[in-house]
Amino acid sequence: LSLKFGDIGNLKGLIIRFLLTTTYYQLSVQNWFSLHRLQLLYNHSIQATFNATRIYAPASYSYHCEHVSSLQRYDALLIPSSANDLSKLWEVTFIDFQIQGFNIQEGHFAYAKDCASFFSPAILMGLVMSLILLLVLAYALHMLIHLKSLDRHYECKASPASFAEVKDNDIGDEKEPLRSSGNESYELRNQQFCKIYI
């Protein structure tokens, strides 16, 4: 696949050439295309060659990446083929790069396989936060399971301050009549109070 730009400044006949191949993989039961090499041609000769890494997609798809570059800050998917040519003198960066070499229909790109890795910083942070929330939930469930039920103990005790010590000769006289106009009523000397322990 060649992109011809013509004359640009001192560069006569600038061409960017993409060398694509397609391969059938039995494991996925379909053809995949890959970009193997990128060449820069001007002044009617090849001036720089870069080997491409990790640029591939199913043949019925297109490949898309935010940056395809020879710079390390963009993950360097383009690597100079050798130290002898002029590739080291070039810095190549494609922004919003999308390519499809085969099975093109009606001049439009097919569904794109993106170059974003499965463990981007945002996805990794989401996984860490999910793990923290799961640990908090597990700790809360552990505390609920081991929560002991409150046992209630009822105990009635005589108040030592409410009555004097009972003597043997006063046991028979447990109640004392109260003076009233009509009915006879009694008052218990040893009053009791109840304590509830929880």
Side-chain angles (χ1 to χ4, degrees), residues 1-140:
L1 177 65
S2 295
L3 301 177
K4 298 181 180 180
F5 294 94
D7 296 341
I8 300 176
N10 296 328
L11 305 178
K12 303 299 182 183
L14 176 63
I15 298 173
I16 300 177
R17 181 182 294 165
F18 302 93
L19 302 176
L20 299 157
T21 60
T22 181
T23 309
Y24 178 78
Y25 291 99
Q26 292 183 350
L27 188 62
S28 61
V29 197
Q30 61 181 338
N31 288 319
W32 287 62
F33 80 88
S34 58
L35 175 62
H36 279 289
R37 196 169 291 115
L38 181 140
Q39 296 176 337
L40 297 175
L41 294 85
Y42 63 92
N43 297 337
H44 310 291
S45 63
I46 298 175
Q47 300 296 326
T49 303
F50 295 88
N51 293 327
T53 59
R54 294 178 285 142
I55 300 178
Y56 53 84
S60 58
Y61 287 40
S62 64
Y63 175 86
H64 175 265
C65 197
E66 189 65 31
H67 294 96
V68 171
S69 176
S70 61
L71 302 177
Q72 287 298 327
R73 68 171 176 263
Y74 295 128
D75 204 15
L77 296 177
L78 301 174
I79 301 170
S81 60
S82 67
N84 298 329
D85 61 9
L86 300 176
S87 302
K88 294 262 183 197
L89 303 177
W90 285 79
E91 291 181 354
V92 180
T93 301
F94 297 99
I95 298 172
D96 197 19
F97 178 81
Q98 189 166 1
I99 191 170
Q100 182 177 351
F102 308 96
N103 301 325
I104 300 171
Q105 297 179 357
E106 300 177 2
H108 298 288
F109 283 117
Y111 178 81
K113 176 190 176 293
D114 206 276
C115 68
S117 63
F118 290 110
F119 290 102
S120 64
I123 293 174
L124 195 59
M125 184 59 67
L127 289 174
V128 169
M129 291 303 297
S130 299
L131 182 61
I132 291 172
L133 289 175
L134 282 175
L135 288 174
V136 170
L137 180 63
Y139 178 75

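Values below: every heavy atom of this structure, side chains too, minus hydrogens, waters and symmetry copies. Being a predicted model, the structure only gives us computed values, none of them experimental. Positions are given from 1 along the sequence.
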Problem set entry | Donor-acceptor pair, side chain of S87 and main chain of A48, under 3.5 angstrom | no
Exercise. Between the side chains of Q47 and S45, is a donor N or O closer than 3.5 angstrom to an acceptor N or O?
Worked result: yes
Exercise. To the nearest 0.5 Å, what is the distance between CZ (F109) and CD1 (I104)?
Worked result: 7.5 Å
For this session: State which residue, out of Q98, H108, K113, fulfils the side-chain hydrogen bond (donor to acceptor under 3.5 Å, both in side chains) condition with S62.
Result: Q98
Exercise. When you look at L35 and Y63, which way does the side-chain contact (heavy atoms from CB on, under 4.5 Å) test go after all the steps?
Worked result: CA-CA 10 Å; L35 175 62; Y63 175 86; over 6 Å; no
For this session: Hey, could you give me the OH/CH2 distance between Y61 and W32, rounded to the nearest 0.5 Å?
Result: 8.5 Å
Problem set entry | Rounded distance (nearest 0.5 Å) linking atom CZ of F5 with atom CD1 of I16 | 4.0 Å
Exercise. For the residue pair F94 and L38, what are the closest heavy atoms and their distance?
Worked result: CE1-CD1, 3.5 Å
Seminar exercise, completed: To the nearest 0.5 Å, atom SG of C65 lies from atom CD1 of I99 at 12.0 Å
For this session: Can you establish whether the number of heavy atoms outside Y111 located under 6.0 Å from its atom OH is more than 12?
Result: no
Exercise. Has the side chain of S69 got a donor or acceptor atom that lies under 3.5 Å from a matching backbone atom of L71?
Worked result: yes
Problem set entry | Exercise: identify the closest heavy-atom pair between G101 and L20 | CA-CD1, 3.8 Å
For this session: Nearest 0.5 Å please: distance from the OG1 atom of T49 over to the CG atom of L19.
Result: 8.5 Å
Exercise. Are the aromatic ring centres of F50 and F18 under 6.0 angstrom apart?
Worked result: no
Problem set entry | V68 side chain reached by T93 side chain, heavy atoms, under 4.5 Å | no
Problem set entry | Distance (rounded to the nearest 0.5 Å) between L40 CG and R17 CZ | 10.5 Å
Exercise. Does the side chain of N51 reach to within under 4.5 Å of the side chain of L78, using non-hydrogen atoms?
Worked result: no
Problem set entry | H67 and D96: side chain donor to acceptor below 3.5 Å | no
For this session: Step through the shown structure and confirm whether more than 12 heavy atoms of other residues, nucleotides or ligands are within 6.0 Å of OH on Y25.
Result: no
For this session: Identify the two heavy atoms, one from Q100 and one from S60, that lie closest to each other, and give their separation to 0.1 Å.
Result: NE2-O, 4.3 Å
Exercise. So, does S70 use its side chain to make a donor-acceptor pair with the main chain of V92 at under 3.5 Å?
Worked result: yes
For this session: Please answer whether the main-chain N or O of G13 pairs with a side-chain N or O of D7 as donor and acceptor at a distance below 3.5 Å.
Result: yes
